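Note that the coordinates shown come from a computational prediction; the quantities given were computed from them, not determined experimentally. Every number for a ligand or one of its atoms is a count from 1 in the order of the listing.
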Amino acid sequence: MSQLQLAVLASGKGTNLQSILDAIKTNKLNATVKVVLSDKSEALALKRAQDEGIPAYYVNHKDFIDKQDFEKALLEKIKSYNVDHIILAGFMRVLSSFFVQKAGVPILNIHPSLLPSFQGLNAHKQAIDYGVRFSGCTVHFVDEGVDTGPIILQSVVPVLPGDSEEILAKRILEKEHDVYPQAIQLLSEGRIVCRGRRVIIVEEGEA
Ligand code: GRF
């Protein structure tokens, strides 16, 4: 069992970041958040990190000549903290192949649908419009596609008649807060084995 050293990238409220920090505090997750980065100056995620004494940086993509330059800056900052995993927690910018190839450590993402359904933006609206009875969230490794990497954990919620996007998002978000720390803890316990795009979860004690 190793204590994972995490960099978290977030753009918004940072409730997933908070669930990770809370799981660490309550000893449900053996990890340290070394640094938090955001592409939005107003992201509450930055404040949540600062409140915990975690280095937090706003990186404005407009300060760079192109996407690759912006991603280089993100990676430089991340690498200066010697992390072993990058956690995307509501990071609303699609990272390019360049970032994925140069990261040098596994990258995880959480997406608010049962992948491979409803990839990309507006996953809740896509699920409601399609008329599915169930949706949920997916924690997956990031590969060079958008929401296409190997799936680690999923959690299911019903889609109820009359659900608005907001109501469904809230129902799914509650599950995200359970499943993301759980997936990271499985990694810290060495219980995740990748076979191609299938992720095998090894039984406790057998890792
Ligand atoms: C979550 O629904 C996540 O799945 C999506 O963006 C939202 C972020 O929420 N990618 P928060 O910033 O962690 O509160």
Discussion item. Please list all pairs meeting salt bridge (charged side-chain N to carboxylate O under 4.0 Å, His left out) that have one or both residues in residues 83-104, counting only residues at least two apart or in different chains.
Written reply: D39-R93
Fill in: Derivation and outcome, side-chain hydrogen bond (donor to acceptor under 3.5 Å, both in side chains), residues D178 and Q182
CA-CA 6 Å; D178 287 337; Q182 271 173 30; 5.5 Å; no
Response to the item:
Residues at least two apart in sequence or cross-chain that pass ring pair (Phe, Tyr, Trp, His ring centres under 6.0 Å) with Y130, listed by chain then number, are F118
Item to complete: May I ask you to say whether K25 pairs ionically with E52, meaning some side-chain N is under 4.0 Å from a carboxylate O?
Response: yes
Worksheet item: If you draw the axis of the six-membered ring of Y58, does the NZ or CZ of K40 fall within 45° of it and under 6.0 Å from the ring centre?
Response: no
Close N/O pairs between ligand 1 and protein, under 3.5 Å:
residue  : atom   : partner : partner atom : Å
ligand 1 : 2 (O)  : E176    : OE1          : 3.2
ligand 1 : 2 (O)  : E176    : OE2          : 2.9
ligand 1 : 4 (O)  : E176    : OE1          : 2.8
ligand 1 : 4 (O)  : E176    : OE2          : 3.3
ligand 1 : 12 (O) : K13     : N            : 3.3
ligand 1 : 12 (O) : G14     : N            : 2.8
ligand 1 : 13 (O) : T15     : N            : 3.3
ligand 1 : 13 (O) : N16     : N            : 2.8
ligand 1 : 13 (O) : N16     : ND2          : 3.0
ligand 1 : 14 (O) : T15     : N            : 2.9
ligand 1 : 14 (O) : T15     : OG1          : 2.5

Worksheet item: Which residue pairs satisfy the ring-ring contact (aromatic ring centres under 6.0 Å, His included) criterion with at least one member in residues 79-104, sequence neighbours excluded?
Response: none
